[in-house]
Amino acid sequence: MNLQPDSIAVAGSGHWQMVREQYTTATQGTNIERPEKQYVYNIGIYGWRKRCLYLFVLLLLIILVVNFALTIWILKVMWFSPSGMGHLRVTSEGLRLEGESEFLYPLYAKEIHSRVDDSLLLHSSQNITVNARNSDGHIMGRLTVGPNAIETHGQQFQINSANGKMLFSVDEHEVLVGTDKLRVTGPQGALFEHSVETPLIRADSSKQLRLESPTRSLSIDAPKGVHIKAQAGNIEVLSQQDIKLQSSDGMLVLDAETVRLPKLSLPTPPSDSRRNSGNSQELYEICVCPDGKLYLSVAGYGSTCQEYSRDCQ
């Protein structure tokens with residue numbers, strides 16, 4: 001018994017032709033009639049499909065070459081390197097930026113410092129704002145440097161020296177000055193709307209010290225005493241109305257070589273002249289009225305205050 005294929009595969013230009021195969025059983029001496037109709041199947045890409053495929057492959061190759069060229073150009077222009085990009089370097093401590101840099105959007109950083117041999121310059125055409133936020137994202141402190149003013153917002157503002165000593169501190173309750181000396185050099189001095197607590201108020205050696213309250217009273221209080229001293233000049237106390245010197249438990253001491261009361265008027269002689277006419281030596285006695293008023297009386301062998309007591313009326 002022989003099996004004979006009834007079809008063959010024919011290779012043509014650009015495609016294959018597959019002819020249906022039929023296997024028939026034949027014996028020797030038997031005439032086999034082959035079928036007259038044969039079906040041919042074409043397998044492969046040919047014609048306009050083949051040209052479109054070649055064109056698509058060529059287009060992909062062109063795009064690949066252009067992308068590769070653009071990538072090389074971007075790497076060259078942006079100065080990409082294994083250590084960073086351009087003036088931006090990636091180090092073990094963070095990012096290092098050399099030269100001038102411009103930030104168009106907010107910058108978030110934990111620490112910003114300059115090189116060891118150079119200063120740090122922050123420049124802006126409008127203002128520079130530094131915000132400090134808490135873990136919830138709320139702003140707890142703000143420093144704004146504008147063209148006309150410097151503003152700070154926070155619970156406390158403090159300035160320390162290089163060794164950590166507090167120099168100036170401000171909060172909503174008080175202002176503290178930690179320096180050994182606070183000097184005000186303005187021509188109008190310092191204006192305080194409320195009380196001032198200090199151990200010493202002193203003017204320069206060539207300047208005058210003046211304490212003034214134009215429309216209200218001036219009070220100087222100290223639990224252990226008030227000491228006013230002028231080493232090379234005078235002390236003047238001027239008042240439009242009264243000046244009161246009061247001591248609750250002690251006494252008032254005027255310790256000086258000369259005590260002058262130039263505004264006390266001369267006494268008027270009494271109506272009954274039992275005394276001598278006039279005082280040739282111009283000696284007078286200072287008398288005190290019950291209300292504290294001072295008046296003069298002509299000095300005599302004894303006290304003459306009673307004779308001139310009409311000045312107390």
Side-chain angles (χ1 to χ4, degrees), residues 66-198 201 204 207 212-215:
V66 171
N67 287 337
F68 182 75
L70 289 177
T71 303
I72 297 299
W73 179 77
I74 292 175
L75 293 176
K76 185 67 176 178
V77 172
M78 300 301 294
W79 296 354
F80 277 100
S81 64
S83 60
M85 179 184 66
H87 295 291
L88 184 63
R89 296 289 184 267
V90 179
T91 63
S92 59
E93 298 178 355
L95 297 179
R96 180 178 179 179
L97 191 60
E98 299 179 355
E100 296 183 1
S101 303
E102 182 178 357
F103 298 93
L104 303 179
Y105 296 97
L107 174 64
Y108 298 90
K110 182 180 179 181
E111 181 181 356
I112 301 176
H113 62 87
S114 64
R115 295 185 304 180
V116 179
D117 56 346
D118 200 356
S119 60
L120 178 63
L121 175 63
L122 300 179
H123 175 73
S124 174
S125 59
Q126 296 295 327
N127 56 45
I128 298 176
T129 302
V130 180
N131 295 330
R133 301 176 182 270
N134 58 5
S135 58
D136 297 332
H138 300 156
I139 297 178
M140 303 302 296
R142 172 181 296 172
L143 176 63
T144 303
V145 180
N148 299 322
I150 299 177
E151 298 181 0
T152 177
H153 300 271
Q155 298 180 356
Q156 185 179 7
F157 178 76
Q158 185 170 334
I159 300 176
N160 298 329
S161 63
N163 55 3
K165 179 181 179 182
M166 189 272 295
L167 301 179
F168 184 78
S169 177
V170 180
D171 57 19
E172 61 181 356
H173 300 292
E174 61 182 359
V175 177
L176 299 178
V177 179
T179 58
D180 297 334
K181 181 186 298 184
L182 174 63
R183 176 173 295 180
V184 180
T185 59
Q188 299 297 329
L191 176 62
F192 301 96
E193 296 183 357
H194 300 285
S195 62
V196 178
E197 182 178 352
T198 177
I201 299 178
D204 290 338
K207 303 293 183 179
E212 181 182 7
S213 178
T215 59

When the side chains of residues 136-147 are checked against the rest of the protein, which donor-acceptor pairs come out under 3.5 Å, sequence neighbours left out?
from, atom 1, to, atom 2, distance (Å)
R142, NE, N131, OD1, 3.1

Partners passing side-chain contact (heavy atoms from CB on, under 4.5 Å) against V77 (at least two apart in sequence or in another chain):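 W73.
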
Applying side-chain contact (heavy atoms from CB on, under 4.5 Å), name anything that partners L70, two or more places apart in sequence or on another chain.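 With neighbours one apart ignored, the set is V66.
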
Taking distance alone, no hydrogens or angles, what donor-acceptor pairs closer than 3.5 Å link side-chain atoms of residues 160-172 to residues at least two apart or in another chain?
from, atom 1, to, atom 2, distance (Å)
N160, OD1, Q158, NE2, 2.9
S161, OG, N163, OD1, 2.3
S161, OG, K165, N, 3.1
S161, OG, K165, O, 3.3
N163, OD1, K165, N, 3.4
S169, OG, Q156, NE2, 2.9
D171, OD1, H173, N, 3.0
D171, OD1, E174, N, 2.8

